[in-house]
Amino acid sequence: MQSVTAQAPVPRRPRVNAAALAAVVVGGALAITWLPLSLVLLLGGLSSLPALGAGVLLLAPWLAVMIPVVRVERRRAVAIHGITVILPPRLRSTRHGMGRVLQDVWFELGSGAFWRGVLHHHLSLLISGAFAVSAAGLLWIGWSAVDLALLYESVTLLGREVGRPGLGLIGFSAVLLAAGTLVLGALADRGLARGLISGSEEDLREQVAEMSARRRGAVDAAAQERLRIERDLHDGVQPRLVNLAMTLGLARSAIRSDPARAETLIGEAHAEAKSVMTDLRQLARGIHPAVLTDRGLDAALSALAARSRVPVQLEVSLLPPDRTGLDREREAVAYFLVAEALTNVAKHAGANAVQVTVREDDSTLHVRIRDDGRGGARVHRDGQSTGLAGLTDRVRATGGYLEVTSPPGGGTVLQATLPTGDVEPSAPRRPAPPAAVAAPPAARPTAEEMPR
């Protein structure tokens, strides 16, 4: 399961405005039309559940309507009342297809924030209905008093004779009271929103749990990276260093008895040493590529595409340096996601082409890798094929989530979403390149052209 945290900070606004008054009127209309229907569906469904679960036929459509209603109520509280709504982290399913949709719905229905939103919606309609009906009654009284004043010199009200001035005063007072009633209704709606959907200690506890989950993802990703480095050193560099030492030993033994052979062995050792240095540079590039630090994500991805054995169609759209929310951590995660995906495609997919799309907006970095290979990729945590599991942990550590869609025979699509709008102020950002080197290169850099 993956999760994201959503916050909606907004500037402070007046406690009462025209939109808040209009919301009371609209709420009064909905209290007469929609509120009774909603309560009938809810109570009827709950009362019918013991009858072989027949109440599900009523509760299912009611819940389907409540999900968007609760989201609209949150947006209304932000737009009208200027309240900062703190949404708790929402769990995301890692399944595929309809199973993913159903599990996401289940996670949302099981959250306390959802049911507080449902309670807020119904109480808001009830309160708005009461104040709106009261204001409508007062307006009717005011209209009637003015109408009587225009038709008659005086009328008898409650056993007393009231003239036109008195009727005009009654009408004016009723209109003022109606306006005051709408104001009270708007204040009550604002207070209800602050109490039920603006955030609570429970939300903070859930965010602490989410941060713990992110930390576990970061620890798992670090452990996977450490194991990869150990495996590369043990299986790749160490045997070559042993071979280099043996070659130098043979050369030392033959340097007096057979100088020609010793010279040949030293030449082989020199070539092997240069090859080992190349392997070490490749390993260091896997830890943190120099081109990513020096030239940014766009150039680093171009270098990956140029080195790929499978043709890559690359499309990168990033915000300018003064607007970007990317820090080095998220840049590295995006880079390694593309690098691991291209490696998997070359080794296992049997693909003919790969499409890589990286797009950044004001709050999110979207990374999509699609190949036309054999598909069937899955996230495994069995200690053997853990590449996608490591990528999932890396993405999760940044607060994002990774979707893997890989039907057999239908290719594989990796879709990662990395949040950038909530980057911590202390997170190191990549400085913008100087103007002298900011010009784009004439062609994508090859492996030999990359900075060391």
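We're numbering straight along the sequence, starting at 1.
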Practice task
Using distance alone, with no hydrogens and no angle criterion, decide if H120 and W115 have a side-chain donor and acceptor under 3.5 Å apart.
Solution key: no
Exercise for the section: Mind checking the CG-CG spacing from L342 to D371? Nearest 0.5 Å is all I need. Expected result: 9.5 Å
Fill in the blank from the handout: Quick note, side chain to side chain donor-acceptor pair (under 3.5 Å) partners involving residues 47-69, not counting sequence neighbours, are S38-W62
Problem - Nearest-0.5 Å distance, CG of residue L126 to CG of residue L39 - result: 8.5 Å
Handout entry: side chain to side chain donor-acceptor pair (under 3.5 Å) against N352, all qualifying residues, sequence neighbours excluded
Key = none
Handout entry: pair L49-L59: side-chain heavy atoms closer than 4.5 Å
Key = yes
Practice task
Quick one: do L318 and L297 satisfy side chain to side chain contact (heavy atoms under 4.5 Å, CB included)? Show the steps, please.
Solution key: CA-CA 9 Å; L318 301 177; L297 182 59; 4.2 Å; yes
Problem - Check: D104 and L102 side chains under 4.5 Å, non-hydrogen atoms - result: no
Exercise for the section: Taking the side chain as every heavy atom from C-beta outward, state whether M66 and H121 have any pair of such atoms under 4.5 Å apart. Expected result: yes
Practice task
Would you name the heavy atoms of T33 and P36 that are closest together and state the gap between them?
Solution key: O-CD, 3.7 Å
Exercise for the section: Without swapping roles, check the side chain of T420 against the backbone of T364 for a donor-acceptor pair under 3.5 Å. Expected result: yes
Exercise for the section: For residues L248 and A269, report the shortest heavy-atom separation together with the two atoms involved. Expected result: CD2-CB, 3.5 Å
Practice task
Heavy atoms only: give me the nearest L21-A186 pair and the separation to one decimal.
Solution key: CD2-CB, 4.2 Å
Exercise for the section: Give a yes or no on whether the backbone of V413 and the side-chain of R370 come within a donor-acceptor separation of less than 3.5 Å. Expected result: no
Problem - R368 side-chain N/O to T357 backbone N/O, donor-acceptor pair under 3.5 Å - result: no
Exercise for the section: For side chain to side chain contact (heavy atoms under 4.5 Å, CB included), just list the numbers for F114 and I67, CA-CA rounded to whole Å, side-chain angles, deciding distance to a tenth of an Å, and then say yes or no. Expected result: CA-CA 8 Å; F114 171 77; I67 291 177; 3.9 Å; yes
Handout entry: S124 vs L192 side-chain heavy atoms within contact, under 4.5 Å
Key = yes
Handout entry: Distance (rounded to the nearest 0.5 Å) between H270 NE2 and L244 CG
Key = 10.5 Å
Exercise for the section: To the nearest 0.5 angstrom, please state how far the CD1 atom of I127 sits from the CG atom of L187. Expected result: 12.0 Å
Exercise for the section: Looking only at non-hydrogen atoms, find the nearest pair between A351 and V345 and report the distance. Expected result: CB-CG1, 3.8 Å
Exercise for the section: Could you give me the CA-CA distance, side-chain angles and deciding distance for L314 and L304, then say whether side chain to side chain contact (heavy atoms under 4.5 Å, CB included) is met? Expected result: CA-CA 10 Å; L314 178 64; L304 282 178; over 6 Å; no
Fill in the blank from the handout: Closest non-hydrogen contact found for A416 with L337 is CB-CD2, 3.3 Å
Problem - Side-chain ion pair, E108 and R71, N-O less than 4.0 Å - result: yes
Practice task
Answer yes or no: is there a side-chain heavy-atom contact under 4.5 Å between L365 and V367?
Solution key: yes
Practice task
Any chance you could lay out the side chain to side chain contact (heavy atoms under 4.5 Å, CB included) test for V78 and R74, step after step, and finish with the verdict?
Solution key: CA-CA 6 Å; V78 172; R74 290 170 182 160; 5.7 Å; no
Exercise for the section: Could you tell me whether the side chain of S406 and the main chain of G376 form a donor-acceptor pair under 3.5 Å? Expected result: yes
Exercise for the section: Would you check if L196 and L123 make a side-chain contact, meaning some heavy-atom pair closer than 4.5 Å? Expected result: yes
Practice task
Report yes if some heavy atom in the side chain of N17 is under 4.5 Å from a heavy atom in the side chain of I80; otherwise report no.
Solution key: yes
Problem - Rounded distance [0.5 Å steps], CD in E340 versus CD1 in I369 - result: 10.5 Å
Problem - Those residues that, when tested against R76, pass salt bridge (Lys or Arg N to Asp or Glu O under 4.0 Å) (two or more places apart) - result: E73, D189
Exercise for the section: Report the distance from atom CG of L37 to atom CG of L42, rounding to the nearest 0.5 Å. Expected result: 11.0 Å
Handout entry: Pairwise side-chain contact, E360 with L326, heavy-atom cut-off 4.5 Å (strictly under)
Key = yes
Exercise for the section: Heavy atoms only: give me the nearest V310-A353 pair and the separation to one decimal. Expected result: CG1-N, 3.8 Å
